[in-house]
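First up is the structure itself, then whatever we jot down about it.
Naming: A, B, ... by sequence-line order, numbering from 1 per chain. All figures in this text were calculated on a predicted structure; none of them were measured in a lab.
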Amino acid sequence: MPELPEVETTRRQIAPLLVGRRIERVETTAASYFFLTAPQDLIRALAGRRVDALDRRGKYLVARLDEGARLLLHLGMTGQLFSSEAASVRLLSSTARASLAPEEQLEFEPDQHTHLRITLEGRGPQIYFRDVRKFGKVQWLAPGVANERLDRLGPDALDVTGEWLFEASRGRRVAVKSLLLDQRIAAGVGNIYADEALFLAGVRPGRGARRVTRRECHKLAESLRQVLQRSIETGGSSISDYVAPDGSDGGYQDERKVYGRKNEPCLVCGTAIRRRVIGQRSSHYCVACQS
DNA sequence: ACCGCACCCTGAGCGC
DNA sequence: TGCGCTCAGGGTGCGG
């Protein structure tokens with residue numbers, strides 16, 4: 001699901017519910033791939049802690065806790081971090097949706113995919129972290145301890161410069177699309193926004209990174225920023241699973257130029273948008289507008 | 001160092 | 001209805 005704009009939207013909405021408040025209780029599902037910190041350790045470490053800040057690094061959310069520890073969250077493909085007061089059909093299975101009467105309440109009840117349930121002290125909703133595929137991650141970081149996942153990240157995609165992209169792409173034989181998806185190059189870029197930025201920059205996703213000119217790298221950096229910022233303004237893209245913490249959909253799926261538009265006409269020139277797998281990810285582009 | 005690929009997991013949607 | 005297949009906003013680890 002979630003790329004930089006969705007994670008940033010999540011951060012902005014969740015922060016007011018968390019920051020400055022103490023965690024009273026945490027409930028989890030059973031140990032799994034999802035828990036980089038074992039559920040029992042997590043429960044013990046978080047109880048009583050106050051959340052001092054909620055930061056974003058690429059696609060990671062990092063909660064800073066009192067006493068110096070940190071809580072790392074990653075939404076993976078299908079992660080949903082939301083308030084217990086959120087209501088959305090995206091939080092229901094398709095069978096549940098089908099049996100839903102038109103006027104029926106969409107109130108969410110924690111299910112087997114709801115891996116974290118955080119109760120805060122005082123009044124206010126609970127915070128739920130639900131993730132069907134469990135590609136998401138949660139990890140508790142002890143005070144002063146570095147984390148290699150975070151340390152691997154390159155500059156945030158919003159801060160990437162054309163010169164940085166140019167230098168990073170010299171000698172690289174991989175497709176430029178794959179380079180953009182490398183979190184060491186531009187943290188936060190994912191499949192949708194890589195395709196969208198490449199379209200805006202007029203560069204085909206399959207072109208070898210080393211064949212992208214300096215001028216194009218500058219255009220690409222600018223396109224990334226533009227696409228990501230616009231998506232943040234609209235609350236991100238809600239394509240299958242993503243919901244904002246308040247249960248609302250994003251708006252950027254309506255502004256996509258290429259992603260998921262296979263065989264549809266290019267909005268600039270009318271040529272049918274092509275889909276091709278590049279680096280194991282589906283990629284969308286216009287053969288006329290992009291070279 | 002770089003590159004391509006298998007794999008982690010679950011569900012939706014499709015053709016038959 | 002059911003089966004088998006493909007696909008999905010991500011990331012890691014392996015071997016060549």
Side-chain angles (χ1 to χ4, degrees), chain A residues 1-10 29-36 57-61 72-81 89-98 111-115 130-139 147-154 157 167-197 206 208-210 224 227-228 231-232 234-244 249-253 255-256 258-262 275-284:
Chain A
M1 109 181 189
E3 306 181 31
L4 187 154
E6 293 76 34
V7 178
E8 178 60 20
T9 299
T10 298
T29 52
S32 74
Y33 189 80
F34 175 86
F35 291 98
L36 294 178
R57 292 278 321 274
K59 299 172 196 171
Y60 287 90
L61 288 174
L72 206 64
L73 303 169
H74 193 291
L75 300 176
M77 289 279 262
T78 52
Q80 300 168 315
L81 188 64
V89 291
R90 294 186 196 279
L91 298 171
L92 305 177
S93 70
S94 70
T95 44
R97 283 181 215 187
D111 60 0
Q112 74 270 30
H113 304 302
T114 310
H115 305 299
R130 181 170 183 263
D131 184 4
V132 170
R133 287 175 78 181
K134 288 190 278 198
F135 287 170
K137 295 278 175 286
V138 55
Q139 184 172 21
N147 179 263
E148 51 180 45
R149 291 166 194 271
L150 291 180
D151 292 344
R152 269 198 291 267
L153 297 177
E167 291 303 325
S169 57
R170 291 313 87 188
R172 297 293 302 270
R173 309 183 86 92
V174 285
V176 59
K177 161 87 179 269
S178 301
L179 198 80
L180 289 181
L181 291 177
D182 186 338
Q183 301 298 293
R184 295 170 301 183
I185 308 297
V189 178
N191 209 30
I192 294 178
Y193 301 104
D195 280 4
E196 295 297 321
R210 61 187 180 146
L224 267 180
V227 162
L228 295 170
S231 183
I232 291 171
T234 64
S237 301
S238 291
I239 290 176
S240 65
D241 298 294
Y242 176 73
V243 283
D249 282 357
Y252 198 76
Q253 64 279 3
E255 301 196 16
R256 283 169 300 141
V258 288
Y259 183 83
R261 298 193 63 246
K262 180 186 174 185
R275 175 187 178 278
R276 176 161 97 80
V277 175
I278 296 166
Q280 290 93 243
R281 313 297 303 277
S282 73
S283 304
H284 311 74

Would Thr234(A) and Thr9(A) count as a side chain to side chain contact (heavy atoms under 4.5 Å, CB included) here? Give the steps. CA-CA 9 Å; Thr234(A) 64; Thr9(A) 299; over 6 Å; no
Euclidean distance, atom [atom1] of residue [X] to atom [atom2] of [N] [Å, nearest integer]:
{"X": "Gln253(A)", "N": "dA8(C)", "atom1": "CD", "atom2": "C1'", "result": "16 Å"}
{"X": "Leu73(A)", "N": "dG11(C)", "atom1": "CG", "atom2": "P", "result": "14 Å"}
{"X": "Leu181(A)", "N": "dG11(C)", "atom1": "CG", "atom2": "C1'", "result": "11 Å"}
{"X": "Lys177(A)", "N": "dG4(B)", "atom1": "NZ", "atom2": "P", "result": "14 Å"}
{"X": "Lys59(A)", "N": "dT12(C)", "atom1": "NZ", "atom2": "P", "result": "10 Å"}
{"X": "Leu4(A)", "N": "dG11(C)", "atom1": "CG", "atom2": "P", "result": "11 Å"}
{"X": "Leu36(A)", "N": "dG13(C)", "atom1": "CG", "atom2": "P", "result": "10 Å"}
{"X": "Arg261(A)", "N": "dA8(C)", "atom1": "CZ", "atom2": "P", "result": "17 Å"}

Does Lys137(A) or Glu148(A) map to a spot on DNA chain C nearer the 5' end, using the closest nucleotide for each?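 Mapping each residue to its closest nucleotide by heavy atoms, the 5'-most match is Lys137(A).
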Categorize [X] for me: base, sugar-phosphate, or nothing, with a 4.0 angstrom heavy-atom threshold over every strand shown.
{"X": "Arg152(A)", "value": "sugar-phosphate"}
{"X": "Ser238(A)", "value": "base"}
{"X": "Phe34(A)", "value": "nothing"}

So, OP1 or OP2 of [N]: does either fall under 4.0 Å of a side-chain N or O from [X]?
{"X": "Arg275(A)", "N": "dA8(C)", "answer": "yes"}
{"X": "Ser282(A)", "N": "dA8(C)", "answer": "yes"}
{"X": "Gln280(A)", "N": "dG4(B)", "answer": "no"}

Parallel, tilted or perpendicular: rings of His115(A) and Phe35(A) (30°, 60°):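 It falls in the perpendicular class, over 60°.
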Which helical stems does DNA chain C take part in, if a stem means at least 3 consecutive Watson-Crick or G-U pairs with both distances below 3.5 Å?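 DNA chain C stems, ordered by first number: B:2-8 with C:10-16, B:10-16 with C:2-8.
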Would you mind building the protein contact string for nucleotides 8-14 of chain B? One character per nucleotide, 5' to 3', B for base within reach (heavy atoms under 4.0 Å), S for sugar-phosphate only, - for untouched. BBBSS--
Just by distance, with hydrogens left out, do [X] and [Y] show a side-chain donor and acceptor under 3.5 Å apart?
{"X": "His284(A)", "Y": "Asp195(A)", "result": "yes"}
{"X": "Lys134(A)", "Y": "Ser32(A)", "result": "no"}
{"X": "Tyr242(A)", "Y": "Glu3(A)", "result": "no"}

Atom CZ of residue position Arg184(A) - does it have more than 12 heavy atoms of other residues, nucleotides or ligands inside 6.0 Å?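 Incorrect, the count does not exceed 12.
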Look at atom CZ of Arg173(A) and say whether more than 12 heavy atoms of other residues, nucleotides or ligands are closer to it than 6.0 Å.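 Counting other residues, nucleotides and ligands, CZ of Arg173(A) stays at 12 neighbours or fewer.
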Are Tyr259(A) and Tyr252(A), when compared by the centres of their aromatic rings, separated by less than 6.0 Å?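 No, they do not, as the ring centres are separated by 6.0 Å or more.
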Options dC5(B), dC2(B), dG11(C), nucleotide nearest the side-chain atoms of Arg172(A):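 Of the options given, the side chain of Arg172(A) lies nearest dC2(B).
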With respect to the side chain of Tyr259(A), which nucleotide from dT12(C), dC3(B), dA8(C) is positioned closest?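 The answer is dA8(C), which lies nearest to the side chain.
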What's the verdict on side chain to side chain contact (heavy atoms under 4.5 Å, CB included) for Glu196(A) and Glu255(A), showing C-alpha distance, side-chain angles and the deciding distance? CA-CA 10 Å; Glu196(A) 295 297 321; Glu255(A) 301 196 16; over 6 Å; no
Pair Asp241(A), Arg133(A) - check side chain to side chain contact (heavy atoms under 4.5 Å, CB included), show working. CA-CA 11 Å; Asp241(A) 298 294; Arg133(A) 287 175 78 181; over 6 Å; no
Please state the P separation for the pair dC9(B) and dC3(C) - nearest whole angstrom.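 One P to the other, the span is 22 Å.
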